[in-house]
Amino acid sequence: MNRKLIFAANWKMNKGPSETEDFLKSFLSKIQGQNFGSDIVIAPPFVSLSKLADVLHTRTAGANSPTIEIAAQNCSEHDSGAFTGEISVMMLREFFVHYVILGHSERRSLYGEVDAVINQKILKARDANLKPIFCIGETLAEREAGKLEAVLRTQISGGLHQVSEKDLSEIIIAYEPVWAIGTGVTATSEQAQDAHAFVRSVIADLYGADAAAKIRIQYGGSVKPGNAAELMACPDIDGALIGGAALDAQSFLEIIKNGSAQ
Ligand code: PGA
């Protein structure tokens, strides 16, 4: 199965509108004329969505320049109303947002998001035709206790509850071992491949072999220019969700370039 790679920058709480503009100036000039054949996505903080949308939609990309899609880092599970501090999927659509990161481990651990809430957000995102980047992953303690597979299976089945096969085809899974996020410790390519193959087998159990063969599974956790090629060479790894190393235009570009060459 030939799955298109997808490289997504998760900027977390970094880069307001002016830093977003600076990044884009540099990134767009570097990427001009270079189409790596992979999908490229940037997820800035909410307040920078408008800047990203403005710059990307007034850009005259050269014939061979890649499209860059916009992602949000979260969304509300509600449509509108008394939810102070929240942002709805319909609001995101106004900023040309096509993807939304859901279930990131920082949302789970710092903001108490549980599988059932993540599931509601995934369903809401699909209602608005947004593509969820659905994050899952185990902590070091869970891995060391031999619970890796049980944790991933629970996160997947909880997050995808009542998600149709048609909607699944618009979802990207990001496997991000919590112990590798922002730590500089990357899973070895063998550890990552094993986990990805397991995730795909859970999707096969839930949706059948065809859906499992099609779904894209990104790896996330200290991806850098130096390890992107080895990770992307693994048969079940279909791209990367990149935090720290995607804050710098050159480094994000090199990850896409090195990873896409696989
Ligand atoms: P990192 O973050 O690349 O800085 O480890 C990845 C993520 O949290 O998505």
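Whatever order the structure lists ligands and atoms in, that order sets their numbers, starting from 1. Scope of the values below: all heavy atoms of this structure, side chains included, with no hydrogens, waters or symmetry mates.
- In terms of polar-atom proximity, Gly221 is not counted as a contact of ligand 1, lacking any N or O under 3.5 Å from an N or O of the ligand.
- Contact annotation for Asn10 and ligand 1: only side-chain heavy atoms (C-beta onward) come within less than 4.0 Å of the ligand.
- Distance from atom 3 (O) of ligand 1 to its nearest protein heavy atom, with residue and atom name: Gly243 N, 2.8 Å.
- Between Asp22 and Lys15 there is no salt bridge, since none of the side-chain N atoms of the basic residue sits less than 4.0 Å from a carboxylate O of the acidic one.
- Given atom 4 (O) of ligand 1, the protein heavy atom at minimum distance is Gly244 N, 2.8 Å.
- For Ser105, no heavy-atom contact with ligand 1 is shorter than 4.0 Å.
- Among Val41, Ile42, Leu92, the single residue meeting the side chain to side chain contact (heavy atoms under 4.5 Å, CB included) criterion with Tyr99 is Val41.
- Among His196, Glu138, Gln155, Gln218, the single residue meeting the side-chain hydrogen bond (donor to acceptor under 3.5 Å, both in side chains) criterion with Tyr175 is Glu138.
- Under a 4.0 Å criterion applied to the non-hydrogen atoms of Leu241, ligand 1 contributes the atoms 6 (C), 9 (O).
- In terms of N/O distances under 3.5 Å, ligand 1 is approached by His104.
- For the ring-ring contact (aromatic ring centres under 6.0 Å, His included) test, no residue two or more places apart in sequence or in another chain qualifies with Trp179.
- Side-chain contact check for Lys121 versus Ile118: every heavy-atom pair is 4.5 Å or farther apart.
- Among all protein heavy atoms, the one lying closest to atom 7 (C) of ligand 1 is Glu176 OE2, 3.1 Å.
- Residue-to-ligand polar distances place Lys12 within reach of ligand 1: an N/O pair is separated by less than 3.5 Å.
- Looking at Lys4 and Asp238, no side-chain N of the basic residue comes within less than 4.0 Å of a carboxylate O on the acidic one, giving no salt bridge.
- Note on ligand 1: Ala245 sits outside its first shell, no heavy atom being nearer than 4.0 Å.
- Using a 4.5 Å cut-off on side-chain heavy atoms (C-beta onward), Leu56 and Ile70 make contact.
- Contact atoms of ligand 1 toward Ala180: 5 (O) (distance under 4.0 Å to a heavy atom of the residue).
- In the vicinity of Gly182, heavy-atom distances shorter than 4.0 Å reach the ligand 1 atoms 1 (P), 4 (O), 5 (O).
- Annotation: ring-ring contact (aromatic ring centres under 6.0 Å, His included) contacts of Phe252 (sequence neighbours excluded): Phe27.
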